[in-house]
Amino acid sequence: PNPYPPPIDTARLQVAHLAPFAASASVDIHLNGPPALTGFGYGDSTEYIELEEGSSLVEVFPQGSLTPAISDTVDLVGGNDYTAIAIGDGVNQPLSLKALLDDNTAPAAGNFKLRLGHLAPFANTLAGTTADVRTDSGDVILDDVVFGDVAPYLELPAGEYDLMITTPDGSTTLINYAPVSFTSGQILSAFATGEGVNQPLGGFALP
């Protein structure tokens, strides 16, 4: 037998809990069987965790429950970065795991990279949750985004941006974010979150 087996390829996975299924929505997250994160609250996220290449089982248990509310696999390819997000509220939209392939390659000089997604289950139909991402001046950044959709990375000039989430026609503002300054070289993901009952409508950014 080969005394020097080839190294096992590893991938990196970060996990976020954005499922507003309860007012106090702490969960335990199991990776490939045993618990990896306990007392993981709504809005919590991890740094990247190194895992072996292959299919990884992610299970989300509401604290005190022996039955996972979410159970899904994430297929990991060595050398890649991934994000797995618990989404849905179990009433308007089903609880599920959203797995994303991350792109952490640097943007061009003077730019930043921003990935935007709609993870706010505030209506019980996909049509009812459709929304736009706009600047405060009304310019459309993303048009008709459906719950669960995450757009490809946008590469934009560094500077201050004032964004809001509106109905598709722009007539009603659903979430109005404070202005944010982005610096050259930043790579971020930002998601619309909450459903306005258990958790307020708002936003969440990684990292």
Side-chain angles (χ1 to χ4, degrees), residues 7-18 31 37 40 42-54 56 58 74-87 97-120 129-170 173-194 200-207:
I8 297 172
D9 286 333
T10 59
R12 298 196 308 167
L13 175 70
Q14 62 183 351
V15 179
H17 174 11
L18 303 181
L31 295 177
L37 303 161
F40 201 58
Y42 174 80
D44 283 349
S45 63
T46 68
E47 296 182 350
Y48 281 110
I49 302 164
E50 286 200 353
L51 294 170
E52 291 183 8
E53 180 179 64
S56 282
V58 180
V74 181
D75 293 323
L76 306 176
V77 175
N80 287 339
D81 295 338
Y82 299 86
T83 298
I85 308 173
I87 66 171
L97 191 73
K98 183 75 178 178
L100 304 171
L101 175 63
D102 301 338
D103 178 6
N104 288 315
T105 57
N111 290 350
F112 73 100
K113 284 167 50 175
L114 179 64
R115 178 173 60 178
L116 297 169
H118 176 6
L119 306 181
T129 61
T130 302
D132 287 357
V133 180
R134 298 171 180 256
T135 66
D136 263 18
S137 60
D139 297 331
V140 177
I141 303 295
L142 294 174
D143 193 31
D144 293 345
V145 185
V146 175
F147 172 79
D149 280 358
V150 177
Y153 288 86
L154 300 168
E155 188 163 329
L156 301 166
E160 185 178 271
Y161 288 78
D162 200 354
L163 300 177
M164 60 183 178
I165 309 296
T166 73
T167 52
D169 59 4
T173 299
L174 302 172
I175 310 170
N176 196 357
Y177 300 114
V180 179
S181 292
F182 298 98
T183 59
S184 175
Q186 277 190 305
I187 303 170
L188 302 108
S189 297
F191 307 109
T193 57
L201 290 170
F204 177 85
L206 282 171

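Source: prediction; values computed, not measured.
A distance of 4.5 Å separates CD in Glu50 from OG1 in Thr10, rounded to the nearest 0.5 Å. Atom OG1 of Thr193 is separated from atom CG of Leu18 by 6.0 Å, given to the nearest 0.5 angstrom. If you take CG on Asp136 and CG on Leu163, they are separated by 8.0 Å, rounding to the nearest 0.5 Å. Atoms OG1 and CG, on Thr129 and Leu119 in that order, are 10.5 Å from each other to the nearest 0.5 Å. With rounding to the nearest 0.5 angstrom, the NZ atom of Lys113 is 11.0 Å from the CG atom of Leu154. To the nearest 0.5 angstrom, Asn80 atom CG is 12.0 Å from Leu13 atom CG.
Between the Tyr48 side chain and the Asp81 main chain, no donor and acceptor come within less than 3.5 Å of each other. When atom types are taken as modelled, the side chain of Tyr42 and the backbone of Gly194 share a donor-acceptor pair closer than 3.5 angstrom. Remark: the backbone N or O of Ala109 is not paired with any side-chain donor or acceptor of Ser184 at under 3.5 angstrom.
Classified by interplanar angle (parallel below 30°, tilted 30° to 60°, perpendicular above 60°), the ring pair Phe112/Tyr161 is perpendicular.
Counting only heavy atoms from C-beta outward, the side chains of Thr135 and Asp162 never approach each other to under 4.5 Å. Side-chain atoms of Ile49 and Leu31, non-hydrogen and from C-beta on, do get closer than 4.5 Å to each other. At a threshold of 4.5 Å between non-hydrogen side-chain atoms, the residues Tyr82 and Leu51 do not count as touching. Under the 4.5 Å side-chain criterion, counting only non-hydrogen atoms from C-beta, Thr105 is not in contact with Ile187. Glu53 places none of its side-chain heavy atoms less than 4.5 Å from the side chain of Leu76. For the pair Val150/Leu116, no side-chain contact is recorded, criterion being any heavy-atom separation below 4.5 Å from C-beta on. Ile165 has its side chain within reach of Val133: a pair of non-hydrogen atoms, C-beta onward, lies under 4.5 Å apart.
The two residues Asp169 and Arg134 have their closest heavy-atom pair at C-NH2, 3.7 Å. Closest heavy-atom contact between Ser189 and Tyr153: OG-OH, 4.4 Å. Between Val145 and His118, the shortest heavy-atom distance links the atoms O-CD2, 3.2 Å. Smallest separation of non-hydrogen atoms from Leu37 and Val15: CD1-CB, 4.5 Å. Contact between Pro107 and Gln186 at its shortest, heavy atoms only, is CG-O, 4.2 Å. For the pair Val58 and Val74, the tightest heavy-atom approach, listed with the atom from each and the gap, is CG2-CG2, 4.1 Å.
Side chains of Thr83 and Gln14: a donor on one and an acceptor on the other come within 3.5 Å.
Within a 6.0 Å radius of CD in Glu160, more than 12 heavy atoms belonging to other residues, nucleotides or ligands are found.
With sequence neighbours excluded, the residues satisfying side-chain contact (heavy atoms from CB on, under 4.5 Å) with Ser45 are Ala16, Phe204, Leu206. Remark: Asp75 engages Ser55 in a side-chain contact (heavy atoms from CB on, under 4.5 Å) (not counting sequence neighbours).
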With side chain to side chain contact (heavy atoms under 4.5 Å, CB included) as the test, would you mind laying out the steps for Phe182 and Leu188 before giving the verdict? CA-CA 9 Å; Phe182 298 98; Leu188 302 108; 3.7 Å; yes

If you apply the rule side chain to side chain contact (heavy atoms under 4.5 Å, CB included), what do you find for Phe191 with Ile85, and how did you get there? CA-CA 11 Å; Phe191 307 109; Ile85 308 173; 3.7 Å; yes

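Using a cut-off of 4.0 Å between Lys/Arg side-chain N and Asp/Glu carboxylate O, Arg115 and Asp102 are scored as salt-bridged.
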